[in-house]
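What you are looking at is a predicted structure, and each value in this text was computed from that prediction instead of being measured. In each ligand, atom 1 is the first atom listed, and ligand 1 is the first ligand listed.
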Amino acid sequence: MSRPRLMIPGPIEFTDEVMAEMARPTPSHVDPGFIAIFGQALEDLRSVFLAGPDYQPFILAGSGTLAMDSAVANLVEPGDRVLVVDTGYFSQRMADIVQRYGGEVTRLRAAPGETVSAEQLREALAQDAYDLVTITHVDTSTGVLTDVQGLTAAAKDEGALVIVDGVCAAAAEEMRQEAWDVDVYLTASQKAIGTPPGLGLLVVSPQAKAKWLGRSTPVGSYYSDWGYWLPIMEAYEARKASYFATPAVNLVMALAVSLRQILNEGMEQVFARHERLSNAVKAGIEAMGLGQVPTDAAHAAHTLTCPRYPEGVDAGFLKFVREEGAILAGGLHPAIKSEYFRIGHMGAVSRADVLTVLGAVEAGLRRAGYAVEPGVALAAAQAELAR
Ligand SMILES: *Cc1c(COP(=O)(O)O)cnc(C)c1O
């Protein structure tokens, strides 16, 4: 393959089998064959999130932001008190959406690169009562992984519902939605789920559905209202025709293939592969003398790595990396944007991708004037992979 590998935190490289679905003639959204595919995709989405049959999946045309909008529009009523665990750029977006629907936001903020512990959340929840807690599983702007299990337990003990933004984590980081009692887990198609951009995905707990059913005010968004979408999802899962707004037919077909690929590998294997490859990338980055944004390896994500630029190197170096074979992303968190870059390694990522990207970063750094001995990052990654 002569084109550079796309290794940003989404969109990612998609498998050939997934891409082939995008090129098929588009069937009717009520074609029996398509209904069967949609129904299977709903069931498989639940399995990927490790949620049981009473959890409700939604597959919507839109991006990850629509999935966030859908969760908040339906679960937050004006005046609801919402605690936002704020680990970066996308936590901020969640707070904005909550405010847009009339929720009262309190932020529990971590400095860039830091996380919020379950103990800190318990302290905050002891001060005040909250209807809902939002958590960003992996904040794509810092590469920080939150302790979703511990944070969720803290929130549920105080009677709050929990929405987890898993856009940069789902189908890569360990997540057991039902066992961990997460009320909404949401993502977008173009990240680790491995389907081109254009689908927002959510799975909703029975408890969250009950809160939505008990609303005293109408949902403030027409398109996001589960009142329209729930019967559609139920119909497709029952393998029946139904229509509210046209589904993104080819994307749903592609999603069905990628969910099958994920389940065929097995969730435990998927989690372990992301951890192993991430450790190799991080070992390579460290071997070149670069720091990382997460302040502790224990709360660093396995879906991306956020290396800090060494002295004398800036975002201009990403052009060299691209020429050497990998497309990477610049910084995103406003407070530290110019200080770091981001390497995505999620979805159908392999050991070959890890070696490609580290080789490209090594070569790019040398071209940017930073002295790095050829092969040091690759050797460190290979040693890590051999463990
Ligand atoms: C990418 C991302 C989003 C936004 O998703 P879009 O598909 O760009 O709307 C939200 N949250 C997190 C954590 C993300 O990584």
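Protein heavy atom nearest atom 11 (N) of ligand 1, with residue, atom name and distance: Asp165 OD2, 2.7 Å. Looking only at protein heavy atoms, the nearest one to atom 3 (C) of ligand 1 is Phe90 CE2, 3.3 Å. For atom 8 (O) of ligand 1, the nearest protein heavy atom (residue, atom name, distance) is Gln190 NE2, 3.9 Å.
An N or O contact shorter than 3.5 Å is missing between Thr136 and ligand 1 by distance. Considering backbone and side-chain N/O atoms, Lys191 comes within less than 3.5 Å of an N/O atom of ligand 1. Checked against a 3.5 angstrom limit, the closest N/O atoms of Gly64 and ligand 1 fall inside it. Residue Asp139 has no N or O atom closer than 3.5 Å to an N or O atom of ligand 1.
A centroid separation of less than 6.0 Å is found between the aromatic rings of His137 and Tyr185. Between Phe317 and Phe341, the gap from one ring centroid to the other is short of 6.0 Å. The six-membered or imidazole ring of Tyr243 lies near that of His29, with a centre-to-centre distance under 6.0 Å.
Near Val138, with a cut-off below 4.0 Å to any heavy atom, the atoms of ligand 1 are 13 (C). Each of the following atoms of ligand 1 lies closer than 4.0 Å to a heavy atom of Met68: 10 (C). Short contacts between ligand 1 and Thr65, defined as distances under 4.0 Å to a heavy atom of the residue, involve ligand atoms 4 (C), 5 (O), 6 (P), 9 (O). Listed by atom number, the atoms of ligand 1 under 4.0 Å from Thr140 heavy atoms are 12 (C), 13 (C), 14 (C), 15 (O).
Ring geometry for Phe244 against Tyr222 counts as tilted: the plane angle lies between 30° and 60°, on a 0 to 90° scale.
Two residues are said to be in side-chain contact when any heavy atoms from C-beta on lie closer than 4.5 Å; Trp180 and Leu50 fail this criterion.
In this structure, CG in Leu75 is found 10.5 Å from CD in Gln207, a value given to the nearest 0.5 Å.
For the pair Arg81 and Asp131, the salt-bridge criterion is not met [side-chain N within less than 4.0 Å of a carboxylate O].
The salt bridge (Lys or Arg N to Asp or Glu O under 4.0 Å) search around Arg109 returns Asp86, not counting sequence neighbours.
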